[in-house]
There are 2 protein chains.
Amino acid sequence: MSGAKMDGSLNKIGPKTNPRISDVARVAGVSTATVSRVLSNPSMVSAKTRDHVLAAVTETGYRINLAARNLRRRQSGGIVVLVPHLSNPFFSQILSGIARVASEAGLNVLVADTREPEGADRQIADYLFNNRADGLIVLDGNLPESMFQPPHNDRDMPPVIFACEWVEGHDEPAVTIDNRHGAALAVEHLIALGHRRIGHIMGPRDNILTRQRADGVRDALSAAGLEADQRWFLDGDFTLASGIAAAPHWLALDERPTAVFCSSDAMACGFMSELNRHGVQVPGDVSVVGFDDIEIAAHFIPALTTIRQPRGAIGEVAAGMLLDLMRGPDKDGKPAEGGSRTLPIELIVRNSTAAPNPSRT
Amino acid sequence: MSGAKMDGSLNKIGPKTNPRISDVARVAGVSTATVSRVLSNPSMVSAKTRDHVLAAVTETGYRINLAARNLRRRQSGGIVVLVPHLSNPFFSQILSGIARVASEAGLNVLVADTREPEGADRQIADYLFNNRADGLIVLDGNLPESMFQPPHNDRDMPPVIFACEWVEGHDEPAVTIDNRHGAALAVEHLIALGHRRIGHIMGPRDNILTRQRADGVRDALSAAGLEADQRWFLDGDFTLASGIAAAPHWLALDERPTAVFCSSDAMACGFMSELNRHGVQVPGDVSVVGFDDIEIAAHFIPALTTIRQPRGAIGEVAAGMLLDLMRGPDKDGKPAEGGSRTLPIELIVRNSTAAPNPSRT
DNA sequence: GCGCTCAATGTAATCGATTACAAATACCAT
DNA sequence: ATGGTATTTGTAATCGATTACATTGAGCGC
């Protein structure tokens with residue numbers, strides 16, 4: 001009687017605690033070391049034992065405890081992605097690309113919005129130096145330089161990859177596109193249509209992409225012997241709202257450009273939307289080109305001519321490079337590729353561009 | 001001389017290992033237990049020692065090792081969010097709301113796309129039962145029932161909150177809006193404008209939101225004594241592409257509705273975009289109402305009349321409820337609020353709706 | 001059969017924090 | 001002074017996997 005009771009309470013009704021590696025080891029008749037090796041370095045174990053262990057794993061329903069592994073391996077098991085404005089649809093595809101390769105490697109992906117008002121800086125430093133991340137992908141080129149110096153003297157920092165944007169003066173590897181060339185492509189398209197007065201809605205003043213794309217605009221204009229009138233370069237910040245804000249400035253110009261190249265699709269949409277409210281037709285009265293090729297671009301009214309960035313690929317490549325860096329210098333001493341990569345872009349012609357209306361030229 | 005050298009090599013150039021809790025303890029002249037208490041339960045420690053410890057923390061630049069804490073506390077320090085289609089801009093604001101309250105609580109947020117082709121099911125189960133998450137927010141109501149039963153008998157599962165959508169037959173708490181009422185609001189608006197033939201582009205057939213919103217449409221129609229012609233209920237799946245696909249079906253109808261209520265803004269945009277390609281004017285030839293109020297809605301051409309969902313709030317409330325659940329039954333035995341919550345919605349009237357054109361009615 | 005190498009496995013220390021329990025101290029009422 | 005309670009702090013076990021090192025045994029050349 002008391003024996004049965006003891007038996008029951010000890011073996012069957014035990015507090016349903018998850019199986020540990022030692023449970024698997026017991027079932028398989030091996031040591032915990034062997035189980036661990038089967039799970040993370042199978043080639044070290046003979047095929048026969050491996051099968052036993054695997055069988056024991058499924059029998060017990062064992063799932064590894066990541067906190068324990070991470071503690072022992074002195075890692076965090078995650079990477080963080082620093083995004084300016086999480087709600088910007090431009091980033092979603094990049095994130096999805098990152099997530100694809102990271103999850104393949106068993107890594108968690110943490111996303112932090114660098115423009116959140118709530119003490120963003122402190123929080124990001126937290127991610128950086130709080131053992132939360134084994135690696136970092138930065139999509140925001142306007143972070144303070146200081147953020148990449150550890151606050152306490154010689155603490156080590158996880159590897160960093162920049163993507164899309166980057167902080168100048170840093171030699172961290174980056175995954176980018178040729179922004180200057182992309183902008184030139186857009187403007188060349190407008191020139192080919194016959195436009196002679198071409199405006200440009202720019203990104204934020206202090207942004208690296210803004211400068212590069214504006215340079216591309218000037219390249220194309222001067223190659224065609226056209227003037228780059230400074231009054232036709234309007235301010236923006238990549239957001240839809242700033243495209244709206246640019247419209248009245250364009251409307252107020254003495255001699256309006258017959259075409260406008262916007263440094264982001266969001267601005268192009270905002271710009272066209274506001275022009276429409278004022279009765280200005282695209283492309284009848286003005287042609288508009290965007291940059292990015294976000295999903296809505298193809299379905300805006302009119303469908304937006306734009307420069308396509310391979311956003312999924314950017315994310316995948318960035319994550320892949322980060323993984324290389326995290327694995328550290330290869331066994332052969334090969335320093336794990338320090339280089340940056342530039343991915344190809346493409347001009348997508350849709351309905352927002354046309355030859356200039358002769359009556360208004 | 002040699003003393004100076006020893007000093008230097010021993011103290012300064014030591015292998016730059018991060019400080020541990022014991023280093024802080026030594027500097028502060030207390031035990032590790034006390035340091036730990038200052039960090040996670042300050043009220044247990046006298047003010048004087050607390051100050052000493054805090055000073056030692058900043059002096060050493062100590063940062064807690066989360067893997068160690070998580071291991072000891074038997075938690076993972078994160079929550080996962082299950083999203084259908086990460087790239088859908090509808091979700092970004094919800095995620096941002098979730099992230100806001102989660103990061104306040106020091107929790108990582110992991111996002112998984114349930115519609116990724118790559119063995120999504122296995123991966124999600126991994127998140128669920130692999131000690132990766134202390135809690136779960138599900139934004140996808142079409143997950144297989146089985147996903148919420150642990151595969152191995154009595155393993156315990158983290159608490160779950162549904163948001164927006166939910167799986168029927170489950171009694172997990174949910175954060176939702178009144179979809180039926182929202183749809184009714186939209187249709188009532190159209191009726192008030194004078195429309196008598198009103199169509200509806202629906203979400204996926206097996207989706208709970210689809211059914212509720214379709215019911216709302218019928219409510220409003222029958223309250224006005226109007227017919228709910230089944231041929232005017234067109235299929236869709238919430239995506240922009242499906243809105244495009246619905247357009248030819250609407251065009252092919254014998255007696256076209258003069259107004260269409262779309263069950264998502266994305267579909268409304270796609271629908272309008274495709275109508276535009278066919279020379280159909282909105283709202284001149286047909287009025288369109290959306291649902292969600294995503295960012296582009298206000299700036300589409302024409303600006304879209306829609307039902308606004310408080311997306312940030314949905315995320316925040318869901319995360320808050322999840323935190324309550326994770327903290328478990330309160331000390332007083334109060335079972336941590338099992339209830340669901342319904343957040344308010346709002347009709348936003350813009351330019352995509354107008355009175356029906358008399359010449360076509 | 002001897003000694004050697006190599007492969008497969010086991011033993012036990014370790015990662016760094018948390019917390020049950022114990023010990024010390026202070027304060028108070030009797 | 002004595003015992004009792006409340007507060008503060010310390011000691012040491014513990015969370016669950018990984019891995020350096022030790023051990024065993026098989027295979028092989030002579």
Side-chain angles (χ1 to χ4, degrees), chain A residues 14-54 56-57 60-77 106 129-132 134 155-156 331, chain B residues 15-54 56-57 60-77 106 129-132 134 155-156 328 331:
Chain A
K16 50 178 175 184
T17 164
N18 288 357
R20 297 188 295 289
I21 198 172
S22 59
D23 297 319
V24 178
R26 185 165 21 75
V27 170
V30 297
S31 74
T32 62
T34 300
V35 177
S36 173
R37 284 191 272 253
V38 169
L39 264 35
S40 50
N41 213 344
S43 69
M44 289 182 66
V45 180
S46 76
K48 214 178 71 177
T49 10
R50 199 165 19 185
D51 291 346
H52 286 157
V53 170
L54 259 19
V57 166
T60 54
Y62 170 74
R63 322 238 61 178
I64 203 169
N65 181 316
L66 291 172
R69 162 180 284 184
N70 288 336
L71 171 57
R72 178 58 226 239
R73 289 197 178 159
R74 294 154 151 284
Q75 66 180 16
S76 74
F129 303 107
N130 219 5
N131 321 84
R132 263 182 213 270
D134 301 326
R155 196 82 79 272
D156 41 16
K331 42 244 164 190
Chain B
K16 50 179 178 183
T17 164
N18 286 359
R20 298 189 294 288
I21 198 172
S22 60
D23 298 317
V24 178
R26 184 164 23 74
V27 170
V30 299
S31 74
T32 62
T34 300
V35 176
S36 172
R37 285 191 273 253
V38 169
L39 264 35
S40 51
N41 213 344
S43 69
M44 288 182 68
V45 180
S46 77
K48 213 178 71 178
T49 16
R50 196 166 24 187
D51 291 346
H52 286 157
V53 170
L54 258 20
V57 166
T60 54
Y62 170 73
R63 322 237 61 176
I64 202 169
N65 181 315
L66 291 172
R69 164 180 284 182
N70 288 336
L71 171 58
R72 179 57 226 238
R73 288 197 179 158
R74 296 155 149 281
Q75 64 180 18
S76 74
F129 303 108
N130 217 4
N131 322 85
R132 262 182 214 271
D134 301 326
R155 197 82 79 272
D156 42 15
K331 42 244 163 188

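Just so it is clear: chains get the letters A, B, ... in the order the sequence lines come, proteins before strands, and each one is counted from 1. Because the structure is predicted, anything quoted here is derived from the model rather than measured.
Side-chain atoms of B:S40 never come within 3.5 Å of backbone atoms of B:R37 as a donor-acceptor pair (strictly under, hydrogens ignored). Under a 3.5 Å cut-off, the side chain of B:N65 and the backbone N or O of B:A68 do form a donor-acceptor pair. A donor-acceptor pair under 3.5 Å links the side-chain atoms of B:T60 to the main chain of B:A56, judged by distance alone.
Exactly one residue among B:L54, B:V30, B:D51 makes a side chain to side chain contact (heavy atoms under 4.5 Å, CB included) with B:V38. That residue is B:L54.
Atoms CG (B:L71) and C1' (C:dG16) sit 9 Å apart, rounded to a whole Å. The separation between B:N70 atom CG and D:dA17 atom C1' is 14 Å, rounded to whole Å. To the nearest angstrom, P of C:dG16 lies 21 Å from CZ of B:R74.
In this structure, A:A25 and A:S31 approach most closely via the heavy-atom pair CB-C, 3.7 Å. Listed here is the closest heavy atom pair of A:V24 and A:V53: CG1-O, 4.2 Å.
To the nearest 0.5 Å, atoms CG (B:L39) and CZ (B:R50) are separated by 12.0 Å.
For the helix from C:dG1-D:dC30 to C:dT30-D:dA1, the end axes, each set by the C1' atoms of five terminal pairs, are bent relative to each other by 40° (nearest 10°).
Contact annotation: A:Y62 side-chain N/O to D:dG16 OP1/OP2 distance is not under 4.0 Å. Put simply, A:R72 has no side-chain N or O that comes within less than 4.0 Å of OP1 or OP2 on C:dT14.
Across D:dA17, C:dT18, C:dG16, the shortest atom-to-atom separation from the side chain of A:R20 is found for D:dA17.
Contacts of B:I64 with the nucleic acid, taken as non-hydrogen atoms under 4.0 Å apart, involve only primed sugar atoms and P, OP1 or OP2.
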Taking N or O atoms only and anything under 3.5 Å, show me the protein contacts with nucleotides 6-10 of chain D, one pair per line.
{"residue": "D:dT9", "atom": "OP1", "partner": "B:S46", "partner atom": "OG", "Å": "3.1"}
{"residue": "D:dT9", "atom": "OP1", "partner": "B:T49", "partner atom": "OG1", "Å": "2.7"}
{"residue": "D:dT9", "atom": "OP2", "partner": "B:S46", "partner atom": "N", "Å": "3.1"}
{"residue": "D:dT9", "atom": "OP2", "partner": "B:T49", "partner atom": "OG1", "Å": "3.1"}
{"residue": "D:dG10", "atom": "OP2", "partner": "B:S31", "partner atom": "N", "Å": "2.9"}
{"residue": "D:dG10", "atom": "OP2", "partner": "B:S31", "partner atom": "OG", "Å": "3.1"}
{"residue": "D:dG10", "atom": "OP2", "partner": "B:T34", "partner atom": "OG1", "Å": "2.7"}
{"residue": "D:dG10", "atom": "N7", "partner": "B:R37", "partner atom": "NH2", "Å": "2.7"}
{"residue": "D:dG10", "atom": "O6", "partner": "B:R37", "partner atom": "NH1", "Å": "3.2"}

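Counting heavy atoms from C-beta on, the side chains of B:I64 and B:R69 come closer than 4.5 Å.
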